Amino acid sequence: MSILQLDLPNARVLDLYAGSGALGLEALSRGAVSADFVEKNPRSLRALEENIAALDAGEVSRIHRRPALAFAESLEALSYDVVFADPPYTTGEAAKLAACWKAAPFSRVLSVEHEAKATMPEGGVTRKYGSTAITFYRSEA
């Protein structure tokens with residue numbers, strides 16, 4: 001999160017594969033003006049709803065109950081300022097999502113967490129943390 005700290009004030013944030021919503025909620029606490037969360041797992045959705053309520057973030061949050069990659073594929077150019085994605089490692093969706101973004105950037109910044117050994121599309125900056133890595137992509141727009 002600290003890597004994107006300067007991108008967050010007044011940002012429209014999207015948290016794909018949101019789980020508990022930790023990334024989007026943290027972005028709100030760092031100055032983002034809104035956060036959309038995309039999650040399809042019922043248990044994760046309950047935790048996400050509870051976390052949004054506990055932090056009184058309902059007015060600046062929206063939950064989309066659908067598959068994250070399909071949601072991303074439906075976005076228009078620069079729909080968001082910052083997008084966080086933490087897809088399940090075994091699905092290969094990290095690389096698919098990055099390729100989707102590269103074809104039609106739907107945000108100024110895309111941050112994708114993935115296995116450190118995963119091959120990601122070129123053009124991003126990758127930071128490795130043990131067996132985990134995060135690749136950051138920035139649009140030219």
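Everything quoted here is computed from the prediction, not taken from an experiment.
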Checklist entry - Going through the distances and angles, do Glu59 and Ser34 end up as a side chain to side chain contact (heavy atoms under 4.5 Å, CB included)? => result CA-CA 8 Å; Glu59 289 187 22; Ser34 65; over 6 Å; no

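Ile63 and Leu28 fall within the same hydrophobic cluster, where Ile, Leu, Val, Met, Phe, Trp and Tyr residues are linked whenever their side-chain heavy atoms come under 4.5 Å apart, directly or through other members. Put simply, Leu16 and Val112 are part of the same group of oily side chains (I, L, V, M, F, W, Y) that touch within less than 4.5 Å, one to the next. Val82 is connected to Phe136 through a chain of hydrophobic side-chain contacts under 4.5 Å among Ile, Leu, Val, Met, Phe, Trp and Tyr, so both are in one cluster. Connection of Leu55 to Leu48 is established within a shared hydrophobic cluster, with ILVMFWY side chains joined at heavy-atom distances below 4.5 Å, either directly or through further cluster members. Ile134 and Leu4 fall within the same hydrophobic cluster, where Ile, Leu, Val, Met, Phe, Trp and Tyr residues are linked whenever their side-chain heavy atoms come under 4.5 Å apart, directly or through other members.
We find the CG-SG distance between Leu69 and Cys100 to be 6.0 Å, quoted to the nearest 0.5 Å. Separation of atoms CG (Asp15) and CD (Glu39) is listed at 9.0 Å; rounding is to 0.5 Å. Once rounded to the nearest 0.5 Å, the distance linking CZ of Arg65 with CZ of Phe71 reads 12.5 Å. In this structure, OG on Ser20 lies 11.0 Å from CD on Glu50, to the nearest 0.5 angstrom. Note that the CZ atom of Arg138 and the OG atom of Ser107 stand 10.0 Å from one another [nearest 0.5 Å]. Expressed to the nearest 0.5 Å, how far CD1 of Ile52 lies from CG of Leu25 amounts to 5.5 Å.
Asp81 places a side-chain N or O within donor-acceptor distance of the main-chain N or O of Arg12, the cut-off being under 3.5 Å. Listed for the Ser79 side chain is no donor-acceptor partner under 3.5 Å among the backbone atoms of Leu75. Lys117 places no side-chain N or O within 3.5 Å of a backbone atom of Thr132 that could act as its donor or acceptor partner. Judged by distance alone, with hydrogens and angles left aside, the side-chain atoms of Ser61 form no donor-acceptor pair with the main-chain N or O of Gly58 at under 3.5 Å. With hydrogens and angles disregarded, no donor-acceptor distance shorter than 3.5 Å links the side chain of Arg30 to the backbone of Gln5. Listed for the Tyr137 side chain is a donor-acceptor partner under 3.5 Å among the backbone atoms of Pro121.
Of all the heavy atoms in Val33 and Asn10, the pair that sits closest is CG1-CA, 3.5 Å. Between Glu115 and Tyr89, the shortest heavy-atom distance links the atoms CG-CD1, 3.3 Å. Scanning all heavy atoms of the two residues, the minimum distance from Phe37 to Gly24 falls at CE2-CA, 3.7 Å.
The number of heavy atoms from other shown groups lying within 6.0 Å of NZ (Lys102) is above 12.
Side-chain contact between Tyr17 and Glu93 is present, with heavy atoms from C-beta onward closer than 4.5 Å. Using a 4.5 Å heavy-atom threshold, the side chains of Val13 and Tyr80 count as separate. Between Ser139 and Leu78 there is a side-chain heavy-atom pair separated by less than 4.5 Å.
The side chain to side chain contact (heavy atoms under 4.5 Å, CB included) with Leu14 is formed by just one residue from the set Leu110, Leu23, Asp36; it is Asp36. When Glu113, Arg127, Lys128, Met120 are each tested for a side chain to side chain contact (heavy atoms under 4.5 Å, CB included) with Thr135, only one passes: Met120.
The aromatic rings of Trp101 and Phe106 stand perpendicular to each other, their planes meeting at an angle above 60°, with 30° marking the opposite boundary.
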